[in-house]
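So the structure is just underneath, and the comments pick up after that.
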2 protein chains.
Amino acid sequence: MDINKTLSALNNPVRRQILAWLKDRSNFPPPLPEHVDLSGVCVGYIQERANLSQSTISTYMRLLKDAGLVTSERHGQWTFYKRNEDAIAATLKILAEEL
Amino acid sequence: MDINKTLSALNNPVRRQILAWLKDRSNFPPPLPEHVDLSGVCVGYIQERANLSQSTISTYMRLLKDAGLVTSERHGQWTFYKRNEDAIAATLKILAEEL
DNA sequence: TCCATATATCGGCATATCGCGATATGTCAC
DNA sequence: GTGACATATCGCGATATGCCGATATATGGA
């Protein structure tokens with residue numbers, strides 16, 4: 001758990017917004033029928049919501065993932081991202097202690 | 001309270017370290033006799049501890065101050081900085097809610 | 001195999017941040 | 001006013017980040 005990397009990932013309003021959106025699946029369109037039993041949200045839906053380019057969102061999700069704040073799972077051609085609640089809680093804990 | 005500005009200020013290990021050092025006056029040399037009744041730590045002591053240039057530390061303290069994380073008081077030729085505990089607590093609260 | 005779709009990576013330009021030395025400002029003592 | 005000292009600001013080159021379009025990779029279907 002690299003607090004520098006984590007704070008860098010969080011130091012962007014859109015990336016924080018994405019994390020917040022991922023709290024509630026209903027912030028995104030309903031999943032395709034073949035995805036209803038999967039958790040997480042695909043990159044395309046996140047991109048649509050954030051209204052930034054596909055490459056930007058893909059990079060943002062990689063940054064969030066490298067920081068440990070989200071996890072990803074590939075299913076077919078889709079990558080589903082979801083919050084890593086443990087890592088998010090750990091980040092808040094570290095900040096509360098360190099600051 | 002601008003969370004973007006605050007997170008930018010916190011997105012630097014030395015600035016976070018300074019905030020942490022300021023929790024305890026004993027992280028710095030004893031105050032001059034004429035300063036014993038004043039709260040806060042002067043820039044020179046912070047610079048000495050951080051081992052960065054005077055201009056860098058002055059800028060760091062301005063960033064922390066602009067973010068509201070510290071307050072400053074001038075006394076003679078010295079500027080004394082101390083933690084703004086309310087703002088720090090508010091930051092942690094906002095992060096806990098937003099993330 | 002060839003094509004369509006979803007995502008990831010690359011290369012680039014604009015802007016921001018890092019940390020510095022030089023210089024400006026403010027304050028005190030003389 | 002002059003000099004000494006503490007701090008703030010300026011200007012710089014180096015590096016990082018923002019965000020993009022173009023391209024590469026991966027998967028599934030005809």
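Because only heavy atoms are used, hydrogens play no part in the values below, and waters and symmetry mates are left out as well, while side chains stay in. Within every chain, numbering begins at 1; the chains are lettered A, B, ... in the order of the sequence lines, protein sequences first and strands thereafter.
At the phosphate of C/dA8, OP1 or OP2 sits under 4.0 Å from a side-chain N or O atom of A/Thr79.
Here D/dG18 is the nucleotide among D/dT27, D/dG18, D/dA6 with the atom lying nearest to any side-chain atom of A/Asn12. Distances were taken from every side-chain heavy atom of B/Leu63 (C-beta onward) to each of C/dA8, D/dA8, C/dC18; the shortest belongs to C/dC18. Listed nucleotides: C/dC28, C/dT9, D/dA8. Nearest to the side chain of B/Val43: D/dA8.
Atom pair B/Met61:CE and D/dA8:P shows a separation of 9 Å (rounding to whole Å applied). Counting to the nearest Å, the C1' atom of D/dT17 and the CG atom of B/Leu7 are 15 Å from each other. In this structure, B/Phe80 places its CZ atom 16 Å from C1' of D/dA8, rounding to the nearest Å. Regarding A/Leu64, its CG atom lies at a distance of 16 Å from the P atom of C/dT7, rounded to whole Å. To the nearest angstrom, C1' of D/dT7 lies 12 Å from NZ of B/Lys65. If you measure from atom CG of A/Leu38 to atom C1' of C/dA6, you get 15 Å, rounded to the nearest angstrom. For the pair B/Gln47 CD and D/dA6 P, the interatomic distance rounds to 10 Å; values are reported in whole Å. D/dT25 atom C1' lies 16 Å from atom CH2 of A/Trp78, rounded to whole Å.
For CG of B/Asp24, the number of neighbouring non-hydrogen atoms (other residues, nucleotides, ligands) closer than 6.0 Å is greater than 12.
Using a 4.0 Å heavy-atom criterion, one finds that B/Tyr81 contacts the sugar-phosphate atoms exclusively. Among the protein residues, A/Ser58 comes within range of the nucleic acid bases, having at least one heavy atom under 4.0 Å from a base atom.
In this structure, CG on A/Leu69 lies 10.5 Å from CD on A/Glu85, to the nearest 0.5 angstrom. To the nearest 0.5 Å, the span separating OG1 on A/Thr59 from CD on A/Gln54 amounts to 8.5 Å. Expressed to the nearest 0.5 Å, how far NZ of A/Lys5 lies from CG of A/Leu10 amounts to 13.0 Å. In this structure, CG in B/Asn12 is found 10.5 Å from CG in B/Leu19, a value given to the nearest 0.5 Å.
Checked by atom type, the side-chain pair A/Thr56/A/Ser53 shows a donor-acceptor distance below 3.5 Å. At a cut-off of 3.5 Å, with distance as the only test, no side-chain donor of A/Ser58 or A/Ser55 sits close to an acceptor on the other residue. In the model, B/Thr71 has no side-chain atom that pairs as donor or acceptor with a side-chain atom of B/Asn84 under 3.5 Å.
Projected onto DNA chain D by closest heavy-atom contact, B/Thr59 and A/Asn11 fall at different nucleotides, the more 5' of which corresponds to B/Thr59.
Within residues 69-76 of chain B, the residues having any heavy atom closer than 4.0 Å to DNA chain C are, in order of number, B/Arg74, B/Gly76. Using a 4.0 Å cutoff on non-hydrogen atoms, the parts of residues 48-56 of chain B near DNA chain C are B/Leu52, B/Ser53, B/Ser55, B/Thr56, ordered by number.
Just one residue in the list B/Asp66, B/Leu95, B/Thr91 forms a side chain to side chain contact (heavy atoms under 4.5 Å, CB included) with B/Thr6, and that residue is B/Thr91.
Under a hydrophobic clustering in which Ile, Leu, Val, Met, Phe, Trp and Tyr are joined whenever their side-chain heavy atoms come within less than 4.5 Å, directly or via other members, B/Tyr81 and B/Leu32 fall into the same cluster.
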